[in-house]
Trainee: 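A single structure is presented below for examination.
Source: prediction; values computed, not measured. When reading the values below, keep in mind they use all heavy atoms of this one structure, side chains included, and skip hydrogens, waters and symmetry mates. Naming convention: chains lettered A, B, ... in sequence-line order (proteins, then strands); numbering from 1 in each chain.
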There are 2 protein chains.
Amino acid sequence: MSNCDTCLVRNRAICAALAPDELGALAKLGRKQMVTRGQTLVWEGDEALVVANVIQGVLKLSVSTADGREQIVGVVFPSDFIGRPFGKESPYGVTALTDAEVCVFTRAAFDGFAKEHPDLQHKLLERTLDELDRARQWMMLLGRKTASERIATLLLEISNRLGSTSCSAITPFLNEFDLPMDRQQMGDVLGLTIETVSRQLTKLKEADMIALPDRRRVVIKDRRRLENIALAA
Amino acid sequence: MSNCDTCLVRNRAICAALAPDELGALAKLGRKQMVTRGQTLVWEGDEALVVANVIQGVLKLSVSTADGREQIVGVVFPSDFIGRPFGKESPYGVTALTDAEVCVFTRAAFDGFAKEHPDLQHKLLERTLDELDRARQWMMLLGRKTASERIATLLLEISNRLGSTSCSAITPFLNEFDLPMDRQQMGDVLGLTIETVSRQLTKLKEADMIALPDRRRVVIKDRRRLENIALAA
DNA sequence: GCGGGGCATTGACCTAGGTCAAAAGCCTAT
DNA sequence: ATAGGCTTTTGACCTAGGTCAATGCCCCGC
């Protein structure tokens, strides 16, 4: 059973739709769980037995072909919802990109609760619609953008998502942050190889739009120019 | 005002969630509208003032870059729902690929109605979740599949979508059908050029997996083999 | 401080698919 | 039937990004 009072995402997760007493009822159904980097929460193709809220950390949703090609089809940040309610099997796997903490529910219990709480369902619908819009924007990226446009878009996207997640969210984005993924995973989000990711990053660095103090860290030095590239203008 | 009694998609569209009296109330808010091929119902970036159910025909959802590259991010068939309820501006345009008939609602009216009808929202949520899964499958295609895998996947997908739409839905797919789009549009769905689409189609034809009696018509002659290619196995 | 295992970068080369241009079908209107 | 304007196909060539192979870098344990 979770303690929602101290929950870091209490006001941003779908739980925000609930009144205190309803929240208590939902809390009885869920439990907090730690996930370590690389750990898989749900396997692609398995029956989706759980749904969850992300409290801390970043996870990926990914799909693979029989011959081992992988595509990351979603990246999930704190306060985001994970899983496929009312569903059968999960069409993608869910794996932690960083150490993470999630608030897990069995799907059966969650589905039942959701059916009784239209406000929760409404919140979930809004989130799913947003997620769908984001997926579609990403389809444009994957179908039509060049490698440098993809990299620029990814950096800005992460900057924004981390920004709106961070506690001290005065700005809606961060100009300096740690990537929640390695080069291979960047490639898997962008439909590129690790080498292309690396080359494009050095290009942006040489053009002085970003700095890369170490493997994980990114400093955005010229957001305007980066946005221009990302928009494919 | 629509006459739902004779509606072709009465039992498959989200309206199926409603009892007869509720349906009557909803019908008062909507009206049937014909759309001719090429006509745009919603412009990318415009405030999304309408939502709709597709009664007949096929429409595309598409996104463009400033410099004119286009990506089709969704293809909508009869009984599917169009639009972004509870939203601000539409992140994609909606254009008819074939002549079509839709049942349109102003977003404001629909949103209001939906808020009062949890069953309708539930149905909408399920559909949106399905749509999201489909979008993610397509991200895998756009990010990681080869040209021939993409073409095979598209042909099978259309065969399935048209199959489950057709009245005489004994089989869940059709082995012979008219493409609801031209070569350019196939390219725009698949993230390919028109030339590549054409070349890959002739390859599949030469390998005797399909026949192409005319511009639009497709006959699937060896579904098994086509599926093997599509799965990227 | 030294060695080893991972990541990341860089370089040299290759290829799937893009680009550009021409030909071939096809519909429609005369 | 025939001309004109489409869409589609085919061909020749090019290039962005993939592949393969070093090399470099960083971190950690000894």
Side-chain angles (χ1 to χ4, degrees), chain A residues 36-38 65 67-71 97-98 140-155 178-207 210-219 229 232, chain B residues 36-38 60 65 67-71 97-99 140-155 178-207 210-219 229 232:
Chain A
T36 60
R37 179 205 291 200
T65 53
D67 64 348
R69 282 170 275 171
E70 172 166 342
Q71 177 67 42
L97 289 174
T98 66
M140 153 55 83
L141 175 146
L142 292 170
R144 296 302 190 192
K145 286 192 184 175
T146 64
S148 47
E149 289 162 358
R150 293 182 198 206
I151 294 280
T153 308
L154 179 64
L155 294 179
D178 279 313
L179 290 167
M181 61 187 78
D182 62 28
R183 297 289 184 271
Q184 179 61 58
Q185 289 157 346
M186 292 177 74
D188 291 341
V189 185
L190 296 174
L192 298 172
T193 59
I194 191 172
E195 293 93 332
T196 302
V197 170
S198 182
R199 280 188 251 269
Q200 295 299 334
L201 282 173
T202 37
K203 267 197 192 170
L204 292 179
K205 188 174 63 180
E206 278 164 2
I210 60 171
L212 302 167
D214 71 48
R215 281 164 193 234
R216 291 284 175 148
R217 197 137 194 92
V218 175
V219 182
I229 295 179
Chain B
T36 60
R37 181 205 289 200
K60 68 170 181 178
T65 53
D67 64 350
R69 282 170 274 171
E70 173 167 340
Q71 176 68 41
L97 289 173
T98 66
D99 289 345
M140 152 54 84
L141 175 146
L142 292 170
R144 297 302 192 193
K145 285 191 183 176
T146 64
S148 48
E149 289 162 0
R150 294 181 198 206
I151 293 280
T153 307
L154 179 64
L155 294 179
D178 280 313
L179 290 167
M181 61 187 79
D182 63 26
R183 298 288 185 271
Q184 179 60 58
Q185 289 157 344
M186 293 177 73
D188 291 342
V189 185
L190 296 174
L192 298 172
T193 60
I194 191 174
E195 293 94 333
T196 302
V197 170
S198 181
R199 280 188 250 269
Q200 295 298 334
L201 283 172
T202 38
K203 267 197 190 170
L204 292 179
K205 188 174 64 180
E206 279 164 0
I210 61 171
L212 301 167
D214 72 47
R215 279 159 195 244
R216 291 285 177 145
R217 196 137 194 94
V218 175
V219 183
I229 295 178

Trainee: Is the backbone N or O of B:Gln71 less than 3.5 Å from a side-chain atom of A:Arg144, with the two atoms forming a donor-acceptor pair by type?
Mentor: no
Trainee: For B:Arg215 and B:Arg183, indicate whether the former's side chain and the latter's backbone hold a donor-acceptor pair under 3.5 Å.
Mentor: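 Absent.
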Trainee: Show your reasoning for whether salt bridge (charged side-chain N to carboxylate O under 4.0 Å, His left out) applies to B:Arg217 and B:Asp178.
Mentor: CA-CA 4 Å; B:Arg217 196 137 194 94; B:Asp178 280 313; 3.0 Å; yes
Trainee: Nearest whole Å is fine: how far is C:dG17 P from B:Lys145 NZ?
Mentor: 13 Å
Trainee: Could you tell me the separation between the CD1 atom of B:Ile194 and the P atom of C:dG17, rounded to a whole number of Å?
Mentor: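 About 17 Å, once rounded to whole Å.
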Trainee: Is the closest basic N to carboxylate O distance between B:Asp214 and B:Arg216 below 4.0 Å?
Mentor: no
Trainee: Rounded to the nearest Å, what distance is computed from the CG atom of residue A:Asp182 to the C1' atom of nucleotide D:dC26?
Mentor: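 Going from A:Asp182 (CG) to D:dC26 (C1'), I get 15 Å.
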Trainee: Quickly work out the B:Arg216 CZ to C:dC27 C1' distance and round it to whole Å.
Mentor: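 In whole Å, C:dC27 C1' lies 13 Å from B:Arg216 CZ.
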Trainee: Any side-chain N or O of B:Thr196 less than 4.0 Å from the OP1 or OP2 oxygen of C:dG17?
Mentor: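 No, because none of the side-chain N or O atoms of B:Thr196 sits under 4.0 Å from OP1 or OP2 of C:dG17.
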Trainee: Roughly how many Å is it from CG in B:Leu201 to P in D:dT9, rounded to a whole number?
Mentor: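 These atoms are roughly 6 Å apart.
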Trainee: Does a side-chain heavy-atom distance below 4.5 Å link A:Gln200 with A:Met186?
Mentor: no
Trainee: Given atom CZ of B:Arg144 and atom P of D:dG17, what is their separation to the nearest angstrom?
Mentor: 13 Å
Trainee: Taking only the side-chain heavy atoms of B:Thr202 (C-beta and beyond), determine which of D:dT10, D:dT7, C:dG17 contains the nearest atom.
Mentor: D:dT10
Trainee: Go through the N and O atoms of the side chain of A:Gln184 and the base of C:dC7, and report whether any donor-acceptor pair is under 3.5 Å.
Mentor: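 Not at all, since no donor on one side and acceptor on the other fall under 3.5 Å apart.
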Trainee: Can you tell me the distance, in whole Å, between the CD atom of B:Gln200 and the C1' atom of D:dT10?
Mentor: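 That distance rounds to 14 Å.
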Trainee: Do any side-chain nitrogens or oxygens of B:Arg215 fall under 4.0 Å of OP1 or OP2 in C:dC26?
Mentor: no
Trainee: Quick check: any donor-acceptor pair below 3.5 Å linking the side-chain of A:Arg199 to the base of D:dT19?
Mentor: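 Indeed, a donor on one side and an acceptor on the other fall under 3.5 Å apart.
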Trainee: Remember a base hit wins even if backbone is also touched, and classify B:Gly191 as base, sugar-phosphate or nothing at under 4.0 Å, heavy atoms.
Mentor: sugar-phosphate
Trainee: Answer yes or no: does a side-chain N or O of B:Ser198 lie under 4.0 Å from OP1 or OP2 of D:dT10?
Mentor: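 So the side chain of B:Ser198 is outside the cut-off, no N or O lying under 4.0 Å from OP1 or OP2 of D:dT10.
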Trainee: From CG of B:Asp214 over to C1' of C:dA24, roughly how many Å is that when rounded to an integer?
Mentor: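 Distance, rounded to whole Å: 16 Å.
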